[in-house]
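Structure first, commentary second.
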Number of protein chains: 2
Amino acid sequence: MGVADFNQIRRGEHLPERVATQIGKEISEGRIAPGDKLPTEHLLSKTFGVSRSVVREAIAQLRNEGLVETRQGVGAFATDMERRQSIRIEQDNLSDRVSFGSLFQLRLPLEIEAAGLAAIHHTPEDIARLDETLGRMSGAERWTNEGIIADLAFHRQVAAATQNEYFLMFLGFVAERIHLAINAARETAVLEEIVEITIAEHVAIRDAIASGDPSRARSAMRDHLVGAAARIDLSLDIF
Amino acid sequence: MGVADFNQIRRGEHLPERVATQIGKEISEGRIAPGDKLPTEHLLSKTFGVSRSVVREAIAQLRNEGLVETRQGVGAFATDMERRQSIRIEQDNLSDRVSFGSLFQLRLPLEIEAAGLAAIHHTPEDIARLDETLGRMSGAERWTNEGIIADLAFHRQVAAATQNEYFLMFLGFVAERIHLAINAARETAVLEEIVEITIAEHVAIRDAIASGDPSRARSAMRDHLVGAAARIDLSLDIF
DNA sequence: CCATATAAGGTTATCAGACAACCCTACAAG
DNA sequence: CTTGTAGGGTTGTCTGATAACCTTATATGG
């Protein structure tokens, strides 16, 4: 029964978050096995050097993520990862290049498949929305903040055009994370993306979807993503 | 400024959960628009007739789900769905066939791509784990509970063999949901899946990955999934 | 007049302590 | 042996207070 050696937590920002992270780490790294009982809230609060409210909020978060279950009068118990009710990505993790590349690699098949499905299932309204968004993207010489938001919206609308709620959910989530990471990187080193090319690629995607040809839509999306990856110096595994 | 008419909450079970549900409903149904400020914790606690602790825990939950953001000294604000920090699927939603099919459709490209990446990046240990799992699957005439668990484990191990943490995270999540839904369906109507075929398909996937040929691995996985979908009477959009 | 400090009030974040609700175990009573 | 009950432990909820922080208004100095 490895007794999970916690560290005192240092102040700074959002204590419950950090407490939850530490406890969560103990669980996902196996030091607290599934089914094991967590220390009592009272003990945890003493261990971390924070109040019981903070510990409670941390445990509540873990319960939301499905990592622990609590039973009044008994205690809190770790559940195994397979039962997780939600997916969560810490934004910090995306700062390193390997992790960012992994997420982009995940995005690739999702976007391509979404484009193909969109070609089949899109409605006239979907195409109209895409056109409206493309209008907002063009007209700018350099990347404006507006243009970046429109870019994100474009990809969301493609996902929506699949008429598949899960594509919208997952792709929206992944694309958002990637854009945030790119924006963060943009602050330090200004990336030289050629606006015209990017817009042209988007137009090609729109036309392919509108044509109703799934393989053409998939190709267009693939070309766009591979190009985008290359423009930010990212190497992917392509087939 | 629609003033969000909350009701007093009745005791019974898990107050924060229900408070969060009510507030969350106000947001997702648009009565509290993105960017709007929520009532103060003090006011909410009076409105709901619960203590501030409960309100805080409820808001913390919404914050975890990404529906609200809080700024110390200012207030809590509703954010829009695009910014959601986590993905969540209610198991109930998968009971209807359309939703289930949508999730399976999402799984398709993820699994196929994962098989391709696994063919490239797998380690000898990955192959050994796959073999061990295949051993647990075979030997049974009918589908045992053990066999189903092994099936799930096999797919998780393929995802792990990509050496891409996000494939493991997303695919593990999606596959788990699908298996749960299938199991639930199995209780009412016993599905006649031919064990031999399913196992043979898994072996084919394993061999393809071990061979290091991505396109062969992708084909094998695709055949398996398409076959599995057909066996449970599901029609997919295939390219 | 303008820009910068400073004070005031409101809000969230955290703390501390108490009581309620609930569960489990052990022990006593029948 | 079964049932009842008392006790201690744990989570759930309540209350009130203090700290940290933000916004706005006011004062101050140039």
Side-chain angles (χ1 to χ4, degrees), chain A residues 1 3-4 6-24 26-27 32 35-79, chain B residues 1 3-4 6-24 27 32 35-79 85:
Chain A
M1 187 178 295
V3 153
F6 294 115
N7 308 325
Q8 283 268 128
I9 254 186
R10 60 197 183 289
R11 305 309 158 91
E13 57 156 55
H14 216 193
L15 267 48
E17 179 75 29
R18 289 191 290 164
V19 171
T21 302
Q22 274 214 35
I23 299 179
E26 297 288 324
I27 293 175
I32 298 179
D36 279 6
K37 186 168 150 338
L38 269 59
T40 68
E41 295 178 351
H42 187 67
L43 182 55
L44 283 174
S45 77
K46 262 198 308 189
T47 310
F48 283 118
V50 299
S51 78
R52 207 184 132 208
S53 321
V54 171
V55 171
R56 278 193 60 74
E57 197 166 312
I59 289 181
Q61 174 175 334
L62 294 173
R63 188 177 45 223
N64 274 104
E65 294 170 9
L67 267 86
V68 307
E69 289 171 1
T70 60
R71 291 190 349 230
Q72 179 170 351
V74 184
F77 301 83
T79 75
Chain B
M1 188 177 293
V3 153
F6 294 115
N7 307 326
Q8 283 269 126
I9 254 187
R10 59 197 183 289
R11 305 309 157 90
E13 59 157 53
H14 216 190
L15 268 47
E17 178 76 26
R18 289 191 291 164
V19 172
T21 302
Q22 275 213 35
I23 299 178
I27 294 176
I32 299 179
D36 279 6
K37 186 167 149 338
L38 269 59
T40 68
E41 296 177 350
H42 187 67
L43 182 56
L44 282 173
S45 76
K46 262 198 308 187
T47 310
F48 283 117
V50 300
S51 78
R52 212 185 127 209
S53 322
V54 172
V55 172
R56 278 193 59 74
E57 201 165 308
I59 289 182
Q61 174 175 336
L62 294 173
R63 187 177 46 223
N64 288 6
E65 292 171 8
L67 265 82
V68 307
E69 288 172 0
T70 59
R71 295 197 336 237
Q72 180 170 349
V74 183
F77 300 84
T79 143
Q85 290 293 319

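Quick note: numbers below take in every heavy atom, side chains included, and nothing from hydrogens, waters or symmetry partners. Naming convention: chains lettered A, B, ... in sequence-line order (proteins, then strands); numbering from 1 in each chain.
- Within the 4.5 Å cutoff, the side chain of L44(B) has heavy atoms near those of the I23(B) side chain.
- At whole-Å resolution of the value, CD in Q72(A) and C1' in dC19(C) are 13 Å apart.
- Nucleic acid contact for T40(A): sugar-phosphate only, since backbone atoms but no base atoms lie under 4.0 Å from a heavy atom of the residue.
- Looking at heavy-atom distances under 4.0 Å, R71(A) makes contact with sugar-phosphate atoms alone, never a base.
- Taking a cutoff of 4.0 Å between a charged side-chain nitrogen and a carboxylate oxygen, E17(B) and R63(A) do not qualify as a salt bridge.
- The nucleotide whose nearest atom lies closest to any side-chain atom of L15(B) is, among dT11(D), dC14(D), dC15(C), dC14(D).
- As judged by a 4.0 angstrom heavy-atom cut-off over every strand, T70(B) is placed among residues touching the sugar-phosphate backbone only.
- For R56(B) and dA19(D), the CZ to P distance is 17 Å, given to the nearest whole Å.
- At distances below 3.5 Å, at least one donor-acceptor pair connects side-chain atoms of T79(A) with backbone N or O atoms of G66(A).
- Between the CD atom of E69(B) and the C1' atom of dT11(C) there is a distance of 17 Å, rounded to whole Å.
- In this structure, L44(B) atom CG and dT11(C) atom C1' are separated by 12 Å, rounded to whole Å.
- Position along DNA chain C of the nearest nucleotide to E57(A) versus G73(A) favours E57(A) as the more 5'-ward residue.
- Taking atom CD1 of I59(A) as the reference point, atom P of dT10(D) lies 13 Å away to the nearest angstrom.
- Note: CG (L62(A)) to P (dT11(D)) measures 14 Å, nearest angstrom.
- Straight-line distance from the NZ atom of K37(B) to the P atom of dT12(C): 5 Å, rounded to whole Å.
- Remark: R52(A) pairs with E41(A) by the side chain to side chain donor-acceptor pair (under 3.5 Å) rule, at least two apart or across chains.
- E41(A) places its CD atom 6 Å from the P atom of dG12(D), with the value rounded to the nearest Å.
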